[in-house]
Amino acid sequence: MIVELSHRITHGMVTYPGIPAPEIGVHLSREDSKQVYAPGTEFTIGMITLATNTGTYVDTPFHRYPDGSDLSEFPLDRLVDLPGLVVRAEGLPSVGLDLVKDREVYGKAVLLHTGWDRHFGTEDYFAGHPYLEPEAAGWLAEQGAALVGIDSLNMDATPPRGERPAHTRFLAAGIPLVEHMTGLGTLPDDGFRFHAAPPMIAGLGTFPVRAYAIVP
């Protein structure tokens, strides 16, 4: 079974306050293509302008560090076909060390299920969101998690001009982050494979992904 874990990207959607909404349009319409191709043959070619932090997206080290791996350099085997596990934290203000310290996380995609995705697309999504506490982030990095994802606004708390300790720790260790996930409540606690590959673009540290899990 394939489980969808990404939000749909639509024209004008807001993922994070202050980040421009995507603009989706047409480069070549089906009507105009009639002048390009043989009779009865029609195509459409779209155009999209978007900030790279749109929808469900992955952060690679270049997002935080100028000498870190960008999307084109980051190893594919750290993004796809990973054994996955879910940490349940629904209804909690944050994900603490007590929720992760007894889990075997080495080499796994650790997905933090907070249930905050229920607010996606509303003003409630932007304030008071759950996040991963710094001590828990440090433990996951030390234990060798391959990837960490969350179904919330941000992996870190987001006070004005605040630090981002989870981003700092994970991306320094080469651990990618997937934010603004959805559907984690439908996954089993473990025993599935996780996938979240972005396009291979040089010079960018973040980009939307089609995140999904394969459950036996």
Side-chain angles (χ1 to χ4, degrees), residues 2-9 15-16 52-61 63-64 71 74-90 92 94-97 99-100 103-120 125 129-134 136-141 143-158 164-198 205-215:
I2 299 174
V3 180
E4 177 68 67
L5 303 175
S6 293
H7 289 289
R8 185 170 178 250
I9 295 176
T15 300
Y16 194 98
T52 57
N53 289 41
T54 296
T56 303
Y57 56 81
V58 65
D59 294 346
T60 60
H63 178 49
R64 177 68 175 81
L71 297 172
F74 197 77
L76 195 57
D77 62 6
R78 300 297 298 274
L79 297 165
V80 301
D81 200 26
L82 298 171
L85 66 85
V86 178
V87 174
R88 306 293 179 189
E90 192 167 11
L92 299 178
S94 60
V95 183
L97 180 60
L99 294 181
V100 300
R103 306 295 296 272
E104 175 53 60
V105 302
Y106 180 80
K108 295 181 179 179
V110 180
L111 309 181
L112 310 178
H113 172 217
T114 71
W116 202 249
D117 57 326
R118 68 186 182 275
H119 298 302
F120 191 83
Y125 189 70
H129 67 88
Y131 62 93
L132 181 64
E133 295 178 11
W139 187 88
L140 289 171
Q143 297 300 311
L147 175 150
V148 182
I150 192 168
D151 59 356
S152 181
L153 179 76
N154 201 284
M155 190 68 65
D156 286 295
T158 55
R164 298 291 190 269
H167 282 77
T168 297
R169 186 64 185 271
F170 287 138
L171 297 179
I175 300 171
L177 309 181
V178 180
E179 295 174 305
H180 307 278
M181 301 185 71
T182 190
L184 298 183
T186 65
L187 292 177
D189 289 348
D190 53 28
F192 59 89
R193 309 296 292 190
F194 178 74
H195 305 257
T206 65
F207 207 78
V209 293
R210 186 73 178 263
Y212 62 93
I214 298 179
V215 181

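Basis for what follows: all heavy atoms, side chains included, without hydrogens, waters or symmetry-related copies.
In this structure Tyr212 satisfies the side-chain hydrogen bond (donor to acceptor under 3.5 Å, both in side chains) test with no other residue, sequence neighbours excluded. In this view, Ser94 and Glu133 satisfy the side-chain hydrogen bond (donor to acceptor under 3.5 Å, both in side chains) rule, not counting sequence neighbours. Applying the salt bridge (charged side-chain N to carboxylate O under 4.0 Å, His left out) rule to Glu4 yields the partners Arg210; only residues at least two apart in sequence or on another chain are considered. A search for salt bridge (charged side-chain N to carboxylate O under 4.0 Å, His left out) contacts involving Arg103 returns nothing, not counting sequence neighbours. Evaluation of the side-chain hydrogen bond (donor to acceptor under 3.5 Å, both in side chains) rule for His167 yields Asp59, Asp156, Glu179 as partners, not counting sequence neighbours. Among residues two or more places apart in sequence or in another chain, the side-chain hydrogen bond (donor to acceptor under 3.5 Å, both in side chains) test is passed with Asp189 by Arg88.
Between the side chain of Tyr125 and the backbone N or O of Arg118 there is no donor-acceptor pair closer than 3.5 Å. The backbone N or O of Asp81 sits less than 3.5 Å from a side-chain atom of Arg193, completing a donor-acceptor pair. Judged by distance alone, with hydrogens and angles left aside, the side-chain atoms of Glu104 form a donor-acceptor pair with the main-chain N or O of Tyr106 at under 3.5 Å.
We find the CE-CD1 distance between Met155 and Ile150 to be 5.0 Å, quoted to the nearest 0.5 Å. Interatomic distance, Leu79 CG to Leu147 CG, rounded to the nearest 0.5 Å: 6.5 Å. Residue Thr60 holds its OG1 atom at 9.5 Å from CG of Leu177, rounded to the nearest 0.5 Å. Rounding to the nearest 0.5 angstrom, the gap separating the CG atom in Asp117 from the NE2 atom in His7 is 5.5 Å. The distance from the NE2 atom of His195 to the CG atom of Leu76 is 10.5 Å, given to the nearest 0.5 Å.
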Fill in: Verdict with reasoning, Leu111 to Phe192, per side chain to side chain contact (heavy atoms under 4.5 Å, CB included)
CA-CA 11 Å; Leu111 309 181; Phe192 59 89; 3.9 Å; yes
Worksheet item: Step by step, would you call Thr182 with Phe120 a side chain to side chain contact (heavy atoms under 4.5 Å, CB included)?
Response: CA-CA 9 Å; Thr182 190; Phe120 191 83; over 6 Å; no
Item to complete: For side chain to side chain contact (heavy atoms under 4.5 Å, CB included), just list the numbers for Leu71 and Thr52, CA-CA rounded to whole Å, side-chain angles, deciding distance to a tenth of an Å, and then say yes or no.
Response: CA-CA 11 Å; Leu71 297 172; Thr52 57; over 6 Å; no
Worksheet item: Could you go step by step and tell me if Val100 and Leu140 meet the side chain to side chain contact (heavy atoms under 4.5 Å, CB included) rule?
Response: CA-CA 8 Å; Val100 300; Leu140 289 171; 4.2 Å; yes
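With contacts defined as side-chain heavy-atom distances shorter than 4.5 Å, the pair Asn154/Arg164 qualifies. Residues Ser152 and Tyr131 have side chains not in contact (no heavy-atom distance under 4.5 Å, counting atoms from C-beta outward). Thr168 is listed as a side-chain neighbour of Arg64, based on a closest heavy-atom distance under 4.5 Å. Between Tyr57 and Thr15, some side-chain heavy-atom pair lies under the 4.5 Å cut-off.
Ring geometry, His180 versus Tyr16: the interplanar angle exceeds 60°, so the pair is classed perpendicular (tilted spans 30 to 60°).
When all heavy atoms of Pro208 and Thr54 are compared, the closest pair comes out as CG-O, 3.4 Å. Taking all atoms of both residues into account, the shortest heavy-atom contact from Pro61 to Gly174 is CG-CA, 4.1 Å. The two residues Leu171 and Pro176 make their nearest non-hydrogen contact at CD2-CA, 4.4 Å. Ala89 and Val95 get closest at one heavy-atom pair: CB-CG2, 3.7 Å. Among all heavy-atom pairs drawn from Phe170 and Ala141, the shortest one is CE2-N, 3.9 Å. The shortest non-hydrogen separation linking Met181 to Ala211 is CE-CB, 4.3 Å.
Of the listed residues (Val178, Leu187, Val209), just one forms a side-chain contact (heavy atoms from CB on, under 4.5 Å) with Leu5, and that residue is Leu187.
Residues Thr114 and Asp151 bring a donor and an acceptor atom of their side chains to less than 3.5 Å of each other.
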